[in-house]
Amino acid sequence: MSKILIIEDEKNLARFVELELQHEKYDTTVESNGRKGLDLALRDNYDAILLDLMLPDLNGLEIARRVRQEKTTPIIMMTARDSVIDRVSGLDHGADDYIVKPFAIEELLARLRAVLRRVQIEKRASGEAAGVQRVIRFNDLTIETANRIVHRGDKTVDLTKREYNLLMTLIEHKNNVVTREQLLKKIWGSDSKIETNVVEVYVRYLRNKIDVPGRSSYIKTVRGTGYMVRTDELDEFDTSL
């Protein structure tokens with residue numbers, strides 16, 4: 001039975017979500033205070049966290065940031081703020097998905113199933129790759145896939161999980177255009193309702209971290225379609241360490 005932590009200060013909404021999750025056989029814990037919710041998230045092991053943005057004592061962005069420093073527990077933000085900046089901010093602070101109030105409970109359940117499914121897929125993939133280090137070189141980038149570390153020259157590039165997955169997806173599809181819709185499905189999941197302009201924001205973040213000032217970007221934009229990297233800029237090889 002999956003354990004779900006609900007951090008939400010709207011009592012009626014929290015109770016409604018709790019009852020619906022219990023009906024679906026989830027084990028639920030509810031907390032209305034942000035600081036206490038953070039303590040629960042860090043102290044106990046949950047399979048997912050449903051997190052409100054506006055909370056007493058500590059807001060949802062700060063909770064997500066602190067949880068992500070220590071754990072990989074999936075986080076779904078629940079908030080009435082639906083601008084692109086708000087969604088990107090939530091994702092940047094560590095949320096895995098974002099749902100805008102008011103929402104249909106069926107959509108929340110679908111998003112919850114999606115993040116739990118992605119965790120299982122990632123666990124299986126990590127288990128299959130255990131002990132094998134795959135190294136990819138791309139211009140002056142060196143990517144160590146087993147520990148998900150990226151170097152540019154002799155410096156380590158600090159990428160978020162989504163930035164890393166974005167880079168790897170483009171490299172895996174070298175010489176082919178990857179559409180914004182394909183990137184959304186691959187990185188955010190098939191059930192995600194996030195708009196494609198969020199992809200553009202993350203491409204910009206990634207370029208700012210990996211590109212060399214004064215040189216053309218490693219990631220090429222195909223106007224109106226998506227993005228790609230080219231084989232004449234890519235030298236890939238595998239090695240076991």
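Contact check on Asp52 versus Lys101 returns a salt bridge, with a Lys/Arg side-chain nitrogen under 4.0 Å from an Asp/Glu carboxylate oxygen. Salt-bridge check for Arg113 with Glu24: failed, with every basic side-chain N at 4.0 Å or more from each acidic carboxylate O.
In this structure Arg180 satisfies the salt bridge (charged side-chain N to carboxylate O under 4.0 Å, His left out) test together with Glu200, sequence neighbours excluded. When the side chain to side chain contact (heavy atoms under 4.5 Å, CB included) test is applied to Thr179, the partners found at least two apart in sequence or on another chain are Glu181, Gln182, Thr225. Applying the side chain to side chain contact (heavy atoms under 4.5 Å, CB included) test to Glu62 and every residue at least two apart in sequence or in another chain returns Leu58, Asn59, Arg65, Arg66.
Checking Val150, Ile143, Ile149 one by one against Leu159, the side-chain contact (heavy atoms from CB on, under 4.5 Å) holds for a single residue, Val150.
Looking at heavy atoms from C-beta onward, Met77 lies in side-chain contact with Leu61 at the 4.5 angstrom threshold. Between Arg15 and Leu19 there is a side-chain heavy-atom pair separated by less than 4.5 Å.
One side chain, Arg207 or Thr221, offers a donor N or O that lies under 3.5 Å from an acceptor on the other.
Of all non-hydrogen atoms in Val178 and His173, the two that sit nearest each other are CG2-CB, 3.5 Å. Closest non-hydrogen pair, Ile4 versus Tyr26, comes out as CG1-CD2, 3.8 Å. In terms of heavy atoms, Ala41 sits closest to Val67 at CB-CG2, 3.8 Å. Taking all atoms of both residues into account, the shortest heavy-atom contact from Val229 to Ile219 is CG1-CA, 4.5 Å.
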